[in-house]
Amino acid sequence: MIKTEQLVHDYEVRDDEGNVSGTVRAVDGVSLDVQPGEFIAVLGHNGSGKSTLAKHLNALLYPTEGAVWVDGMKTDDDLKLWTIRQEAGMIFQNPDNQIIGQVVEEDVGFGPENLGVPTAEIWERVEEALKTVGMWEFRKKSPNRLSGGQKQRVSIAGVIAMHPKCIIMDEPTAMLDPGGRHEVIRAARALNDVEKITIILITHHMEEAIYADHIFVMDEGKIALQGTPREVFAHVEEMQQLHLDVPKVTLLAHELRKSGIPLPEGILTKEELAQALGLSGVSDAQDR
Ligand code: ADP
Ligand code: MG
């Protein structure tokens, strides 16, 4: 679905007069491969190059060096630009900057309308997209009246209505409360599970990454660590050196293991920890 080969991105830095005074290397030799239908998480501290990478995956930026392909199309091919942007949709952090319609259903219809989809089909797509994210009953509402999580789900519906093969989400939950975060992640997982849409989720919340098929951890523009969630989160100390957390349960299991309790590395859920400790029978009681 997506492939990058030795991707490099340099930003130009300008002085007060607007002259180019240097460059910042934001992405530094990233090669990755994403298969159709995968759920990918990208982790990394602020400034590690995640957003810059994301913008290459739907041709919002062009490579300084190296190359990016989306569904076999090279992103520096101007003739393919609109096909690439339709196939690889993008969701940003702030839902307020992505919603332009006065009414939810109208907002979701803008994308397909711009693609030249016939009117009758636009309405079918709007209905399908809003039902997919659980926002159908809000179709006549003004987006201003929605919660952050609801707005972000409307943004996602707007992308779904363009029938993308892939959705890149750049910290879609960063501005949401825990309830909103949960709604958005549930919608993203359903799109992947049910609609088989490839998802690339950039996030700061480690718990959101445990369901991914594969995690890429970025540091200084490079991929510092990658693997399944279990593989990546088994590297507790390396993650901490990269200024990242691991899920709380993983950390607890890691500390217990260091104090001599024989537990495997890379435990991801409460249930796994309870089972490894031989407490599976009392898992109901552990929340109390
Ligand atoms: P992240 O999303 O992981 O926080 P970014 O991709 O936004 O990282 O930024 C990577 C690096 O590129 C940072 O050092 C950042 O300051 C720099 N950068 C990002 N955008 C620009 C820009 N438009 N001009 C110059 N430097 C930029
Ligand atoms: Mg960013």
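Ligands are counted one by one from 1 in listed order, and the atoms in each one are counted from 1 as well. The analysis underlying the following values was restricted to heavy atoms, covering all of them including side chains, and did not include hydrogens, waters or symmetry mates.
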Identify, for atom 3 (O) of ligand 1, the protein heavy atom at the shortest distance, and state residue, atom and that distance.
Lys50 NZ, 2.8 Å
Among Lys141, Arg153, Glu105, which residue meets the side-chain contact (heavy atoms from CB on, under 4.5 Å) test with Met135?
Arg153
Answer yes or no for Ser48: is there a heavy-atom contact with ligand 1 below 4.0 Å?
yes
Could you tell me if Arg189 sits above the aromatic ring of Phe39, with its cationic atom closer than 6.0 Å to the ring centre and no more than 45 degrees from the axis?
no
Mark the output for Asn46 as yes if a heavy-atom distance to ligand 1 is under 4.0 Å, and as no if none is.
yes
Matching residue for Met239 among Leu251, Val246, Thr250 - test: side-chain contact (heavy atoms from CB on, under 4.5 Å)
Val246
Checking side-chain contact (heavy atoms from CB on, under 4.5 Å) against Asp170, which of Leu57, Ile202, Ile200, Leu201 comes through?
Ile202
Could you identify the single nearest non-hydrogen protein atom to atom 6 (O) of ligand 1 and state the distance to 0.1 Å?
Thr52 OG1, 2.5 Å
Nitrogen or oxygen of Ser51 less than 3.5 angstrom from that of ligand 1
yes
Shortest protein heavy-atom distance from atom 8 (O) of ligand 1, along with the residue and atom involved:
Gly49 N, 3.1 Å
Same apolar cluster (I L V M F W Y, side chains within < 4.5 Å links), Met206/Leu242
yes
Output the list of atoms in ligand 1 that are nearer than 4.0 Å to some heavy atom of Ala26, sorted by atom number.
10 (C), 11 (C), 12 (O)
Using 4.0 Å as the upper bound for N to carboxylate O, is an ion pair formed by Glu137 and Lys131?
no
Go through ligand 1 atom by atom and flag the ones less than 4.0 Å from a non-hydrogen atom of His45.
3 (O)
Are side-chain heavy atoms of Glu265 and Arg257 found at a separation under 4.5 Å?
yes
Judging by distance only, is a nitrogen or oxygen of Val24 under 3.5 angstrom from one on ligand 1?
no
Considering all protein heavy atoms, does one lie under 4.0 Å from atom 15 (C) of ligand 1?
no
Could you find the nearest protein heavy atom to atom 10 (C) of ligand 1 and give me its residue, atom name and distance?
Gly47 O, 3.5 Å
Can Glu38 and Lys196 be counted as an ion pair, charged N to O under 4.0 angstrom?
no
Measuring to the Mg ion (ligand 2), does Ser51 have an N/O/S atom at a distance below 2.8 Å?
yes
List the closest protein heavy-atom neighbour of atom 27 (C) of ligand 1: residue, atom name, distance to the nearest 0.1 Å.
Tyr11 CD1, 3.3 Å
Heavy-atom check, side chain of Met169 versus side chain of Ile156, under 4.5 Å
yes
